[in-house]
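Structure first, commentary second.
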Amino acid sequence: MGKVLIIGAGGVGTVVAHKVAQNPDVFTEIMIASRTKSKCDAVVKAIGNPAIKTARVDADNVDELVALFNSFKPEIVINVALPYQDLTIMEACLKSGVNYLDTANYEPKDVAHFEYSWQWAYKKRFEDAGLTAILGCGFDPGVSGVYTAYAAKHYFDEIQYLDIVDCNAGNHHKAFATNFNPEINIREITQNGRYYENNEWITTQPLEIHKDLTYPNIGPRDSYLLYHEELESLVKNFPTIKRARFWMTFGQEYLTHLRVIQNIGMARIDEVDYNGVKIVPLQFLKAVLPNPQDLGENYEGETSIGCRIRGLKDGKERTYYVYNNCSHQEAYKETGMQGVSYTTGVPAMIGAMMFLKGIWKKPGVWNVEEFNPDPFMEQLNKQGLPWHEVIDGDLEL
Ligand code: NDP
């Protein structure tokens with residue numbers, strides 16, 4: 001059905017490559033390209049399909065990307081490099097006539113700030129070029145938006161309260177490690193919290209608000225209110241929402257390490273001079289922390305991510321909880337990666353599949369909740385991320 005180019009050969013890129021290779025009826029030719037070609041070759045070796053091509057590319061460089069796109073001629077690029085590369089890859093897509101999908105919104109390297117405005121600004125150019133860009137197609141953002149669209153379509157006349165709840169109840173047996181790129185992860189968590197209520201954004205101190213939430217098959221876990229990017233698009237696309245929040249679980253050990261990292265200046269993202277060499281402390285820290293890709297083997301337990309929604313149906317109040325639990329060990333057995341990479345990579349593959357099947361194909365720049373959720377939800381059940389629903393249960397929120 002179509003040619004796909006995956007950019008990025010980290011934890012998420014590895015899962016995307018495995019899942020794409022498992023669906024040869026949709027993805028007829030595959031290339032994986034990244035800054036370090038040997039990592040792409042290692043992924044291909046692990047999959048055991050020598051037909052998958054590999055290439056080196058610096059995705060910060062539009063000309064290099066254009067040269068690669070023009071030689072491989074993919075129909076769609078799955079961008080699972082870092083959020084810093086989103087705009088250069090989108091530029092290159094426009095120059096080469098290639099469609100686009102990513103899992104995280106653009107973030108400039110020198111400010112820990114993310115929002116959709118930079119990428120939404122490309123809407124007209126993608127429309128005029130007849131190209132589709134699908135933004136935020138991992139789990140959260142990604143499945144969280146598809147769940148919300150599915151709830152709006154099938155269960156509610158009006159969604160009023162939305163809480164996205166993200167629990168990782170896994171144990172990787174390391175003193176401290178992050179589950180995806182440490183630089184991006186620490187930047188996200190150390191920011192102020194933010195949520196939406198009655199047409200306003202309310203800012204909190206980092207990790208200021210927290211409460212115990214009960215996760216299926218896991219039990220109660222302390223959950224912290226964070227700002228997360230899909231809140232921005234969901235309140236825009238579902239204007240009946242009165243309040244939207246995002247919660248993520250953290251253990252005390254993790255938070256203590258994080259506090260120390262911040263207090264000693266290792267979370268800084270500005271350059272410091274070290275013996276005449278300019279280094280960014282957080283980037284240096286990444287180099288000494290465990291690689292998220294290597295956590296899988298000893299990772300036990302599971303993740304549980306879902307949407308807890310309250311609203312109106314036929315004039316009556318209703319609640320709806322839709323979620324997936326994903327076992328780190330099962331993810332590892334299938335792809336060699338842990339559950340957080342798995343829950344991101346599978347939806348990215350499904351998004352590209354939706355595009356190639358012509359179901360999620362419309363010129364412009366879109367967030368996932370702007371497409372038909374039903375065929376995506378069907379694929380989640382088939383591709384390793386089955387979901388469950390609780391109707392009119394206690395949301396705790
Ligand atoms: P990793 O750090 O493991 O992998 C990133 C990959 O991108 C590496 O292979 C890296 O190359 C490559 N890369 C970085 N810079 C460049 C560049 N300039 N040119 C080419 N390749 C480059 O990250 P993850 O796999 O953990 O995460 C990937 C993405 O997924 C991130 O954007 C992250 O924010 C997103 N994510 C989304 C989630 C969601 O649910 N929506 C959840 C988790 C992650 P090298 O190996 O040489 O450094």
Side-chain angles (χ1 to χ4, degrees), residues 5-18 31-43 54-65 68 77-89 92 101-107 109 112 114 119 134-147 164 166 168 177-189 226 228-230 233 246 248 282-283 286-287 289-296 303 305-306 324 326 331 335-351 367-368 385:
L5 172 62
I6 303 159
I7 302 186
V12 179
T14 303
V15 173
V16 174
H18 272 85
M31 178 186 269
I32 174 159
S34 191
R35 188 164 51 185
T36 317
K37 184 173 175 293
S38 57
K39 289 196 184 171
C40 307
D41 294 332
V43 174
T54 61
R56 198 210 75 85
V57 73
D58 176 3
D60 288 320
N61 184 319
V62 177
D63 293 340
E64 270 192 36
L65 287 165
L68 179 69
V77 166
I78 301 180
N79 167 18
V80 280
L82 298 180
Y84 314 136
Q85 280 85 47
D86 288 2
L87 301 187
T88 44
I89 298 176
L101 178 143
D102 69 27
T103 67
N105 67 10
Y106 174 69
E107 203 176 319
K109 276 189 187 141
F114 47 88
Q119 291 181 277
I134 301 168
L135 306 185
C137 197
F139 206 108
D140 43 345
V143 178
S144 53
V146 174
Y147 281 169
I164 300 166
D166 180 331
N168 182 1
T178 62
N179 295 293
F180 65 96
N181 186 286
E183 189 183 330
I184 304 299
N185 193 197
I186 292 173
R187 281 165 66 122
E188 173 180 281
I189 296 165
L226 295 185
H228 225 240
E229 65 199 59
E230 65 265 50
S233 69
F246 183 96
M248 190 178 272
L282 185 55
Q283 286 173 3
K286 174 181 182 282
L289 283 177
N291 184 341
Q293 275 172 266
D294 301 333
L295 298 176
T303 62
I305 318 176
N324 160 266
C326 176
T335 63
M337 296 293 130
Q338 33 82 1
V340 176
S341 303
Y342 190 86
T343 53
T344 311
V346 173
M349 178 282 289
I350 297 175
N367 292 88
V368 291
L385 295 176

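All heavy atoms count here, side chains included; hydrogens, waters and symmetry mates do not. In this chain, numbering begins with 1 at the start of the sequence shown. Indexing begins at 1, ligand by ligand and atom by atom, following the structure's order. Since this is a predicted model, take the numbers as computed values, not measurements.
- For atom 5 (C) of ligand 1, the nearest non-hydrogen atom of the protein is Leu82 CD2, 3.9 Å.
- Within ligand 1, the atoms closer than 4.0 Å to a non-hydrogen atom of Val57 are 19 (N), 20 (C), numbered from 1 in the order shown.
- Shortest contact from atom 17 (C) of ligand 1 to any protein heavy atom: Ala59 N, 3.6 Å.
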Could you check Phe139 against Tyr147 for side chain to side chain contact (heavy atoms under 4.5 Å, CB included), going step by step and ending with a plain yes or no?
CA-CA 10 Å; Phe139 206 108; Tyr147 281 169; 3.6 Å; yes
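- Remark: minimum distance from atom 33 (C) of ligand 1 to any protein heavy atom is reached at Phe180 CD1, 4.1 Å.
- To the nearest 0.5 Å, the span separating CG on Asn367 from CG on Leu135 amounts to 5.0 Å.
- Considering backbone and side-chain atoms together, Asp58 places an N or O closer than 3.5 Å to an N or O of ligand 1.
- Of the protein's non-hydrogen atoms, the one nearest atom 11 (O) of ligand 1 is Ser34 OG, 3.4 Å.
- Looking at Ser34 and Lys39, their side chains never come closer than 4.5 Å, going by heavy atoms from C-beta outward.
- Aromatic ring pairs are classed by plane angle as parallel below 30°, tilted from 30° to 60° and perpendicular above 60°; the pair Phe246 and His228 is parallel.
- Inclusion of Lys39 in the set of residues having an N or O under 3.5 Å from an N or O of ligand 1 is warranted.
- No N or O atom of Gly8 sits closer than 3.5 Å to an N or O atom of ligand 1.
- Residues Ile89 and Ile7 approach most closely at CD1-CD1, 4.0 Å, considering heavy atoms.
- Every atom of ligand 1 with a heavy atom of Ile184 under 4.0 Å away is listed here by number and element: 34 (O).
- Across the listed options Ala81, Gly10, Gly13, Ala33, Ala81 owns the non-hydrogen atom lying nearest to atom 28 (C) of ligand 1.
- The nearest heavy-atom contact from the protein to atom 42 (C) of ligand 1 is Thr344 OG1, 3.0 Å.
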Would Val340 and Asn168 count as a side chain to side chain contact (heavy atoms under 4.5 Å, CB included) if you check the C-alpha gap in whole Å, the side-chain angles of each, and the deciding distance to 0.1 Å?
CA-CA 8 Å; Val340 176; Asn168 182 1; 4.0 Å; yes
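- The closest protein non-hydrogen atom to atom 48 (O) of ligand 1 is Arg35 NH2, 2.6 Å.
- Shown here for Pro182 and Lys286, the closest heavy-atom pair between the two residues is CG-CG, 3.7 Å.
- A pairwise comparison of heavy atoms in Leu295 and Asn179 identifies CD1-OD1, 4.2 Å as the closest pair.
- Between Pro83 and Ile184 there is a side-chain heavy-atom pair separated by less than 4.5 Å.
- Heavy-atom proximity to Gly11, at under 4.0 Å, picks out these atoms of ligand 1: 3 (O), 25 (O).
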Hey, mind stepping through Thr343 and Thr303 against side chain to side chain contact (heavy atoms under 4.5 Å, CB included) and telling me if it holds?
CA-CA 9 Å; Thr343 53; Thr303 62; 4.0 Å; yes
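- When Asn181, Ile305, Val340, Thr88 are ranked by how near their heavy atoms come to atom 2 (O) of ligand 1, first place goes to Asn181.
- By the 3.5 Å distance cut-off applied to N or O atoms, Ala104 is not counted among the residues near ligand 1.
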When you look at Glu188 and Thr178, which way does the side chain to side chain contact (heavy atoms under 4.5 Å, CB included) test go after all the steps?
CA-CA 12 Å; Glu188 173 180 281; Thr178 62; over 6 Å; no
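- Two residues are said to be in side-chain contact when any heavy atoms from C-beta on lie closer than 4.5 Å; Ile6 and Val80 meet this criterion.
- For the ligand labelled ligand 1, residue Ala9 lies inside the 4.0 Å heavy-atom shell.
- When the heavy-atom distances from atom 24 (P) of ligand 1 to Asn105, Thr36, Asn79, Val12 are ranked, the shortest goes to Val12.
- Checked by distance only, ligand 1 and Pro141 come closer than 3.5 Å through their nitrogen or oxygen atoms.
- Looking only at protein heavy atoms, the nearest one to atom 30 (O) of ligand 1 is Thr103 OG1, 3.2 Å.
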